[in-house]
Amino acid sequence: MNILVIGSGGREHALIYKLRQSPQVRKIYCAPGNGGIASMAETVDIGPLEVDKLRAFALSAGIDLTVVGPEIPLMAGIADVFEDAGLTVFGPKKSAAVLEGSKVFAKDLMKRCNVSTANFEVFSHLGDALSYVRKQHRPLVVKADGLAQGKGVSVCHSEEEAETALRNLMEEKAFAGAGEKVVVEELLEGKEASVFALCNGENGVIFGSAMDYKRAHDNDEGPNTGGMGSVSPHPMLDKNMEQTVLNTVVLPILHGLLEQGIAYKGVLYVGLMLTKDGPKVLEFNVRFGDPETQAMMPLLKSDLPELMMATCIGDMGHINVDWASEKSVCIVAASQGYPGHYETGFPITGLNDVKDGFVFHAGTAIGKNGSVITSGGRVLNVVATGKNYEEARQKAYMEVQKISFPGMFYRSDIAANLDT
Ligand code: AMP
Ligand code: GLY
């Protein structure tokens with residue numbers, strides 16, 4: 001089997017690491033890939049939104065399975081274009097990708113399917129939204145309907161904060177059309193969890209769980225980031241709770257979509273808040289998590305291409321997802337200044353000294369002299385597994401200390417105090 005992976009982050013590197021372990025795989029290509037992926041797959045210089053070029057490449061290279069990493073090409077309809085060309089693609093079509101692309105669509109669907117989520121209202125006029133928040137006298141969360149580079153959500157503890165967030169979206173139009181509609185919802189309290197399910201339209205199976213560390217600095221301080229670390233499985237989710245998520249979230253959503261003529265195929269990422277009243281959905285993503293996937297893949301025992309093919313073809317009745325019983329910890333090494341302004345192009349040393357873990361590259365490139373240099377905010381993901389979180393954590397921190405580049409920083413409290 002020949003596989004094309006689309007994307008250039010640590011998530012894609014981790015998927016390729018797992019895909020290439022399968023005896024069924026002949027060749028893996030990655031478009032566009034990064035400095036680490038280049039040592040595991042043939043990189044192809046086509047961007048994730050160059051859909052026609054990607055289709056032409058997949059047809060000419062005899063690709064049997066295309067795996068789409070990021071959400072943007074899915075929202076642009078890459079799965080539709082590939083399927084029309086007779087290609088097999090792991091990832092939902094445009095009509096299903098709207099589950100991530102529109103928070104109003106996702107919230108309305110959850111309401112219709114009785115899926116537990118924060119109580120909410122939708123507004124398309126600033127005046128209506130302002131008069132609503134003035135009457136609430138409680139913390140609220142203001143969300144742009146569309147994608148806003150991860151900056152469209154504001155947790156507001158006062159009326160003034162909510163007003164500022166609404167004006168920013170609807171008056172200043174900080175995120176253009178993404179803020180034409182807004183969701184205003186109740187603030188949920190608890191721990192966040194990411195749960196994944198492979199879905200073939202009608203049916204789904206749970207595909208692991210993880211906990212993501214979103215803030216830039218220790219003790220969950222500093223700005224929100226794309227993720228500074230992760231652990232898998234999630235320490236507060238057991239198999240029973242995962243099945244509850246399947247039965248009360250994933251399956252109702254799949255059936256609700258089918259009623260609208262939409263078959264969701266691929267992986268569904270359920271972002272949950274574990275509240276004292278049970279799990280409530282914060283958001284859906286139509287792809288794997290980053291950096292959750294980096295912690296998860298070293299624990300997966302099943303054949304990944306086989307699972308993905310079964311999902312695409314729709315034959316999921318007999319699939320069995322098998323995980324190692326260990327725990328996994330991922331530490332993100334980032335460039336000084338991230339998630340704000342940062343410099344790139346610095347040489348990275350020590351990569352070959354990591355022996356007791358995995359290094360998945362996120363923002364790296366190959367420099368002029370053939371060495372690996374930094375090219376992004378999140379640069380590397382160092383992952384280790386162990387019999388408990390503490391063992392995995394100690395290994396991961398030992399290994400990350402062998403690596404260095406100018407301005408490198410990482411959180412020192414990933415996976416701290418998780419064992420019970
Ligand atoms: P979303 O893109 O909707 O998941 O929001 C991004 C982040 O904002 C989430 O991962 C949470 O950390 C936070 N968040 C979103 N909605 C809520 C809510 N209703 N209550 C508390 N935190 C929230
Ligand atoms: N880890 C958060 C995300 O992938 O969206």
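We count ligands from 1, going down the list as the structure has it; atoms in each ligand are counted the same way. Just so you know, these numbers use all the heavy atoms, side chains as well, and skip hydrogens, waters and symmetry mates.
- For ligand 1, the atoms lying closer than 4.0 Å to a non-hydrogen atom of Leu187 are 20 (N), 21 (C).
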### Task
In sequence, state the C-alpha distance, the side-chain angles, and the governing distance for Phe120 and Asp108, and then conclude on side chain to side chain contact (heavy atoms under 4.5 Å, CB included).
CA-CA 10 Å; Phe120 70 101; Asp108 285 342; 3.9 Å; yes
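- Checked by distance only, ligand 2 and Asp290 come closer than 3.5 Å through their nitrogen or oxygen atoms.
- Near Glu283, meaning under 4.0 Å from one of its heavy atoms, ligand 1 places the atoms 1 (P), 2 (O), 3 (O), 4 (O).
- For the pair Lys143 and Glu283, the minimum side-chain heavy-atom distance is 4.5 Å or more.
- Neither side chain, Ser328 nor Ser232, offers a donor N or O lying under 3.5 Å from an acceptor on the other.
- The closest side-chain heavy-atom distance from Arg11 to Gln294 is below 4.5 Å.
- The option with the heavy atom closest to atom 21 (C) of ligand 1, from among Val183, Val142, Leu188, Val155, is Leu188.
- Here the side chains of Ser22 and Met1 are not in contact, with every heavy-atom distance at 4.5 Å or above.
- Nearest-heavy-atom check against atom 12 (O) of ligand 1 across Glu192, Lys103, Lys107 picks out Glu192.
- For the 3.5 Å distance criterion, the side chains of Asp145 and Ser102 qualify, holding a donor opposite an acceptor.
- Near Glu292, meaning under 4.0 Å from one of its heavy atoms, ligand 2 places the atoms 1 (N), 2 (C), 4 (O).
- Atoms of ligand 1 found under 4.0 Å from any heavy atom of Lys143 (numbered from 1 in listed order, with element): 3 (O), 15 (C), 16 (N).
- Ligand-side atoms of ligand 2 in range of Asp212: 1 (N), 2 (C), range being under 4.0 angstrom from any heavy atom.
- The protein heavy atom nearest to atom 7 (C) of ligand 1 is Val153 CG1, 4.5 Å.
- Look at Glu189 and you'll find every heavy atom at least 4.0 Å from all atoms of ligand 1.
- Counting heavy atoms from C-beta outward, Met297 and Leu15 have side chains that approach closer than 4.5 Å.
- Here the side chains of Lys107 and Val122 are not in contact, with every heavy-atom distance at 4.5 Å or above.
- In terms of protein heavy-atom proximity, atom 23 (C) of ligand 1 is closest to Leu282 CD2, 3.8 Å.
- Below 30°, between 30° and 60°, or above 60°: for Phe288 and Phe196 the angle between ring planes is between 30° and 60°, a tilted geometry.
- Taking every heavy atom of Gly289 and a limit of under 4.0 angstrom, the matching atoms of ligand 2 come to 4 (O).
- Checking Ile3, Ile6, Asn2 one by one against Thr66, the side chain to side chain contact (heavy atoms under 4.5 Å, CB included) holds for a single residue, Ile6.
- At least one heavy atom of Lys214 sits less than 4.0 Å from an atom of ligand 1.
- For ligand 2, the atoms sitting less than 4.0 Å from at least one non-hydrogen atom of Asn285 are 5 (O), numbered in the order shown with element in parentheses.
- Ligand 1 places these atoms under 4.0 Å from at least one heavy atom of Glu185: 16 (N), 17 (C), 18 (C), 19 (N).
- At least one heavy atom of Arg287 lies less than 4.0 angstrom from ligand 2.
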### Query
Can you list the steps and then say if Arg134 with Glu163 is a side chain to side chain contact (heavy atoms under 4.5 Å, CB included)?
CA-CA 9 Å; Arg134 282 173 191 148; Glu163 214 176 299; 3.4 Å; yes
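- Taking a cut-off of under 4.0 Å to the non-hydrogen atoms of Met273, the atoms of ligand 1 that pass are 21 (C), 22 (N).
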